[in-house]
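These numbers come from a predicted model, not from an experiment. Below, chain A is the first sequence line, B the second, and so on; all start at residue 1.
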Protein chains: 2
Amino acid sequence: MTATATNKQVTLKDYVSGFPKESDFDFTTTTVELRVPEGSNSVLVKNLYLSCDPYMRIRMGKPDPSTAALAQAYTPGQPIQGYVVSRVIESGHPDYKKGDLLWGMVAWEEYSVITPTPHVHFKIQHTDVPLSYYTGLLGMPGMTAYAGFYEVCSPKKGETVYVSAASGAVGQLVGQFAKMLGCYVVGSAGSKEKVDLLKTKFGFDDAFNYKEETDLTAALKRCFPNGIDIYFENVGGKMLDAVLVNMNPHGRIPVCGMISQYNLENQEGVHNLSNIIYKRIRIQGFVVSDFYDKYSKFLEFVLPHIREGKITYVEDVADGLEKAPEALVGLFHGKNVGKQVVVVARE
Amino acid sequence: MTATATNKQVTLKDYVSGFPKESDFDFTTTTVELRVPEGSNSVLVKNLYLSCDPYMRIRMGKPDPSTAALAQAYTPGQPIQGYVVSRVIESGHPDYKKGDLLWGMVAWEEYSVITPTPHVHFKIQHTDVPLSYYTGLLGMPGMTAYAGFYEVCSPKKGETVYVSAASGAVGQLVGQFAKMLGCYVVGSAGSKEKVDLLKTKFGFDDAFNYKEETDLTAALKRCFPNGIDIYFENVGGKMLDAVLVNMNPHGRIPVCGMISQYNLENQEGVHNLSNIIYKRIRIQGFVVSDFYDKYSKFLEFVLPHIREGKITYVEDVADGLEKAPEALVGLFHGKNVGKQVVVVARE
């Protein structure tokens, strides 16, 4: 007889419009057999850490041809998915054995049966660093910062770099990568605590609280008297408008996210796009999955920096799957300080 | 004693706000000595053809740090400048002799004394084509279409291409370049006459009158049921919003101009920018002057096509410097059909 376990899951009640609320999610408990089907190449995993990421808001909305190009909408009544760090319990897959660790796209539940897929699931090879880092610094957000900065921005030493949502999972790393290259880096965030973090812990040259600025254009002018060469875009809307006015000729704007817009029924209008011509600006949307072939190159780059203590990384950890909806919803109100993680099991 | 001539000039009365009007310009008549100063390397030219171009609106506004990155504002009371085809009357410059032809940035007047400057003035080497073509097809607009399409768009055979302001100087050429490469090309313009020109003369696969469409998003959906790979942006505003919704993943938007916005006190808001992420769109502002090192390569490409009748080119010709303000102002109301030229002298 096969052993079974109860399996708590986080499900989406219905498509979300506006800001997501905790009540948009439900908990379901099912039973899972603790084995993989005979002859299958699937893997049974125990989920340890969940990654809360802004793009997940896009998947909560009604299916739409525009957003479908990025990610499939979640199915109401079903568990939502996200980036998860998991331990293999049983494996029918030649590349995975019991006890192995992986990170990748997995349902938000205690146990999952998955079919490991290249560029969707990644075997964890280095365990001398905290495992939760694979939801952030060493996972999708880290790879996003790396690809977005080095591959999309074409950055040069001495350039000025502005990062919005700068204390978040991606922003804190972009800032540090830019400093390593010898750029002048300014970040913005939504609280004094986060701004202090940027200046004292992450080594940004300057930082400001965007909620306390009545004129974002003037705030950027103050921080960048000689203009912005690179704007790492995480928020969109009014901030993008203020940036466009302050960009330098041949400026680059990699678009990683527009979190300020995801919850709006009608997105804010951006009025200063003529600057794209005036200043030959390049605005480039990108998605990390297009860059996963560079993941091992990224690890080679980043692991020595972590081991030598040259990269600082801040996580905001919620404890227990029960806290997952609250943690996820909090992202859209800027409640997290650093990378938002949910611990499902510490093993 | 040196011969002199009267020299009629088109001057700007004051900085323009809103749509430019004929009354924003004045005519001044001065006297010019028909020689170049002893020992100088300047050149006296007789101006033959003036090019009316949308970017000139940007130079009519008050000096502004944003627009200064593209082009210097005109000086009230002084002649405006633009692209001009001219004949050399006297030369102190080693590269130019009497009788030579050139095109480049020159004041709007009958005679000018200029100092020929690389990438600002270009010697005309091929005179088996109409000279006025050097204000368009063989000048700045032609080079803009060439660089914008081949260098900025990264176009591939079989892709879908949408061109706004498609019967204008640049648009008509972009459409033809795209057809040569084997793309599916749709253009929009603001009258039935222009739309007919696109379909019957320039060989666009389809075309529509944007003024007759109540829903631009739906119009583009109708023309591009499988989405747009490349949008050659000439207009901005509402059209860009409609395009963003219809773009395909990895789509490219070279931004050549945003003529619909130049005359607005408050530019229209563009609301659908999140599509930049959903679809990894690249929006790239560009300015032709960054590509002038490729001008001879461009001529090698385009001259054989012209001689073999494989490129169609339509000009809208106004006669006489007196007509220059009217012709220039007409651009912003879409009065021109094809490239707007002003003949100052047929010699």
Side-chain angles (χ1 to χ4, degrees), chain A residues 54-55 57-58 61 64-71 152 217 221 227 233-234 236-238 240-241 244-262 264 266-291, chain B residues 54-55 57-58 61 64-71 152 217 221 227 233-234 236-238 240-241 244-262 264 266-291:
Chain A
Y55 81 89
R57 173 62 187 85
I58 300 168
D64 173 274
S66 283
T67 57
L70 178 68
V152 184
T217 304
K221 185 92 200 153
E233 167 68 298
N234 285 313
K238 288 182 192 67
L240 178 57
D241 244 346
L244 284 165
V245 176
N246 283 283
M247 286 299 285
N248 281 334
H250 299 286
R252 286 134 277 154
I253 304 183
V255 182
C256 176
M258 289 192 171
I259 193 173
S260 76
Q261 302 302 297
Y262 298 155
L264 304 181
N266 295 304
Q267 307 209 346
E268 288 177 274
V270 172
H271 295 261
N272 296 325
L273 293 174
S274 294
N275 284 278
I276 296 172
I277 314 164
Y278 303 155
K279 297 158 177 176
R280 299 97 138 155
I281 294 170
R282 171 161 61 89
I283 302 183
Q284 170 81 62
F286 73 98
V287 171
V288 63
S289 52
D290 290 342
F291 296 92
Chain B
Y55 81 89
R57 173 62 187 84
I58 300 168
D64 173 274
S66 283
T67 56
L70 178 70
V152 183
T217 305
K221 185 91 200 156
E233 167 68 298
N234 285 315
K238 286 182 194 69
L240 178 56
D241 244 347
L244 283 164
V245 177
N246 283 283
M247 286 299 284
N248 280 336
H250 300 285
R252 285 133 277 154
I253 304 184
V255 182
C256 176
M258 290 191 171
I259 194 173
S260 76
Q261 303 301 299
Y262 298 155
L264 303 181
N266 296 303
Q267 304 206 349
E268 286 177 276
V270 172
H271 295 262
N272 296 325
L273 293 174
S274 294
N275 284 278
I276 295 171
I277 314 163
Y278 304 154
K279 297 161 180 175
R280 301 96 137 154
I281 294 170
R282 172 161 60 90
I283 303 185
Q284 171 81 62
F286 73 98
V287 171
V288 62
S289 52
D290 289 343
F291 296 90

**Message:** How close do A:Glu268 and B:His271 get, counting heavy atoms only, and between which atoms?
**Reply:**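 Closest heavy-atom pair between A:Glu268 and B:His271: C-ND1, 3.6 Å.
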**Asked** For A:Ala69 and B:Arg280, which heavy atoms make the closest approach, and how far apart are they?
**Response**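 Scanning both residues, the minimum pair turns out to be O-NH1, 3.1 Å.
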**Message:** If you apply the rule side chain to side chain contact (heavy atoms under 4.5 Å, CB included), what do you find for B:Met258 with A:Ile277, and how did you get there?
**Reply:** CA-CA 8 Å; B:Met258 290 191 171; A:Ile277 314 164; 3.7 Å; yes
If I measure from the heavy atoms of chain B, does [X] come under 4.5 Å with its side chain, its backbone, both, or neither?
X: A:Tyr55; value: neither
X: A:Ile281; value: backbone
X: A:Ile58; value: side chain

**Request:** Name the option with the most non-hydrogen atom pairs under 4.5 Å to chain A; the candidates are B:Leu264, B:Asn275, B:Asp290.
**Result:**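 Highest number of heavy-atom pairs under 4.5 Å: B:Asp290.
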**Request:** Sort B:Gln261 into side chain, backbone, both or neither according to what part of it lies under 4.5 angstrom from a heavy atom of chain A.
**Result:**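 Side chain only.
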**Request:** Quick one: pull up SG in A:Cys256 and CD1 in B:Ile276 and give me the separation to the nearest 0.5 Å.
**Result:**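 CD1 of B:Ile276 is found 13.0 Å from SG of A:Cys256.
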**Item:** Contact winner vs chain B - A:Asp241, A:Val255, A:Leu240, heavy-atom pairs under 4.5 Å
**Value:**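 Result: the option with the highest number of such pairs is A:Val255.
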**Prompt:** What option among A:Val287, A:Leu70, A:Val245, A:Val270 has the most heavy-atom pairs under 4.5 Å with chain B?
**Reply:**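 It is A:Val270.
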